[in-house]
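Excluded from the calculations below are hydrogen atoms, water molecules and symmetry mates; all remaining heavy atoms, backbone and side chain alike, are included. Below, chain A is the first sequence line, B the second, and so on; all start at residue 1.
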Protein chains: 2
Amino acid sequence: MQTLDGTDLRLLLELAKDPRRTVVALAQKLGLSRNTVQARMSALESRNVFLSFERRINPVSLGYPLLAFISIHVQQHKLGALTDSLAQIPEVVEAFGLTGAADLLVRVVCTDAEDLFRINGKIQACDGVERTDTSLAMGELIPFRLNPLLQRGPRHTG
Amino acid sequence: MQTLDGTDLRLLLELAKDPRRTVVALAQKLGLSRNTVQARMSALESRNVFLSFERRINPVSLGYPLLAFISIHVQQHKLGALTDSLAQIPEVVEAFGLTGAADLLVRVVCTDAEDLFRINGKIQACDGVERTDTSLAMGELIPFRLNPLLQRGPRHTG
DNA sequence: GCAAAATAGTGCATTTTGCTCAATTTCGCG
DNA sequence: CGCGAAATTGAGCAAAATGCACTATTTTGC
């Protein structure tokens, strides 16, 4: 997966400003022809530059105002099965395998403290889980952003 | 911010399947009139159900294949200033204030291990930082998803 | 059961899309 | 420097989608 060039980045920046911009409007804004923009967009699509739309949905709107991160210590050989178990819990919205102190970091959304308690129990009940450490997110200090990296320009093209 | 009803959820589900679906196609798919879908979409927009488009951009495509989570212990009263400092580091893509062991959880993308080392140093150099714990994400076991929660339906309407 | 809100249906001008084709420019590389 | 491939441009055109408005009809909350 090769890196993107400056034009791609400018496209992405404009999209970040307004995701509903039309191809025509983008072409005009960037001083490119419509064909070029359309080709670029298709290329971005097929290169999997765009992640799932679900990422743009606000969990708060869905009725899950609470966010928590749960670190999990796992019995190593059971990691595969555990991933499947975690995938069965709807409130688990994201999970990573980690180096360092903990083995797994799980992102969880929930309706309230009681709900979090319940979900945490569910996780602890999964086969392979040795210990969990739950941290409630008190504030979104820096909401997800890629803008600074987009503006910095392409990384050493090649 | 009131919760969404079943129709909104079905809309979001369809959008998750294919974000580029037109209003017309959505209306047809859901058995609604175009007017209704258009009104719903506007309502979702103005209710801030949609988060920034940046969330859909793949950092790997941008040339940042590595992802890390850094826990930070902070001198409490310096949290505000620290947030500003962290915001100045482009590779910091997300940050949360936490309860529990650590005070801050920071999500960082980088080009390679050396890059991560450099960024970690930058964070440690910030005023207010007492200690950091870095974990490299070895695998995206469960990529971000909201689908299970969407399919579950609306949370106790009211 | 009433009033307000949501939905459906219709219409129309304008814009956007998807597609193709040929000419031109830019770029990689020997 | 110069060749050939790739990218970009401009044009055209039919089909589709959008934005807007207006009026019934249905659904909903109280």
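Judged purely by atom type and a 3.5 angstrom limit, B/Thr99 has no side-chain atom pairing as donor or acceptor with the backbone of A/Ser135.
Judged as a side chain to side chain donor-acceptor pair (under 3.5 Å), and not counting sequence neighbours, A/Lys29 has no contacts. For B/Ala87, the side chain to side chain contact (heavy atoms under 4.5 Å, CB included) partners are A/Ile142, A/Arg145, not counting sequence neighbours. Partners of A/Gln28 according to the side chain to side chain donor-acceptor pair (under 3.5 Å) rule, which considers only residues two or more places apart in sequence or in another chain, do not exist here.
In this structure, A/Arg152 pairs ionically with B/Glu91, as a charged nitrogen and a carboxylate oxygen lie closer than 4.0 Å.
When the side-chain nitrogen and oxygen atoms of A/Ser33 are compared with OP1 and OP2 of D/dG10, none of them lie within a distance under 4.0 Å. The phosphate of D/dA7 has neither OP1 nor OP2 within less than 4.0 Å of any side-chain N or O from A/Thr36.
Straight-line distance from the CD atom of B/Gln28 to the P atom of C/dG9: 13 Å, rounded to whole Å. If you measure from atom CG of B/Asp8 to atom C1' of C/dT7, you get 14 Å, rounded to the nearest angstrom. Separating the CG atom of A/Asp5 from the P atom of C/dT26 is a distance of 15 Å, rounded to the nearest angstrom.
Using five terminal pairs a side, the axes of the helix from C/dG1-D/dC30 to C/dG30-D/dC1 at its two ends make an angle of 80°, given in steps of 10 degrees.
Separating the CG atom in A/Asp133 from the CZ atom in A/Phe69 is a distance of 14.0 Å, to the nearest 0.5 Å.
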(message) Each nucleotide in nucleotides 12-30 of chain D should get exactly one letter: B, S or -. Can you fill that in based on protein heavy atoms under 4.0 Å?
(response) B----SBBBB---------

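Evaluation of the salt bridge (charged side-chain N to carboxylate O under 4.0 Å, His left out) test over residues 80-90 of chain B, restricted to residues two or more places apart or in two chains, returns none.
Between A/Phe144 and B/Phe53, a ring centre-to-centre spacing not shorter than 6.0 Å is recorded.
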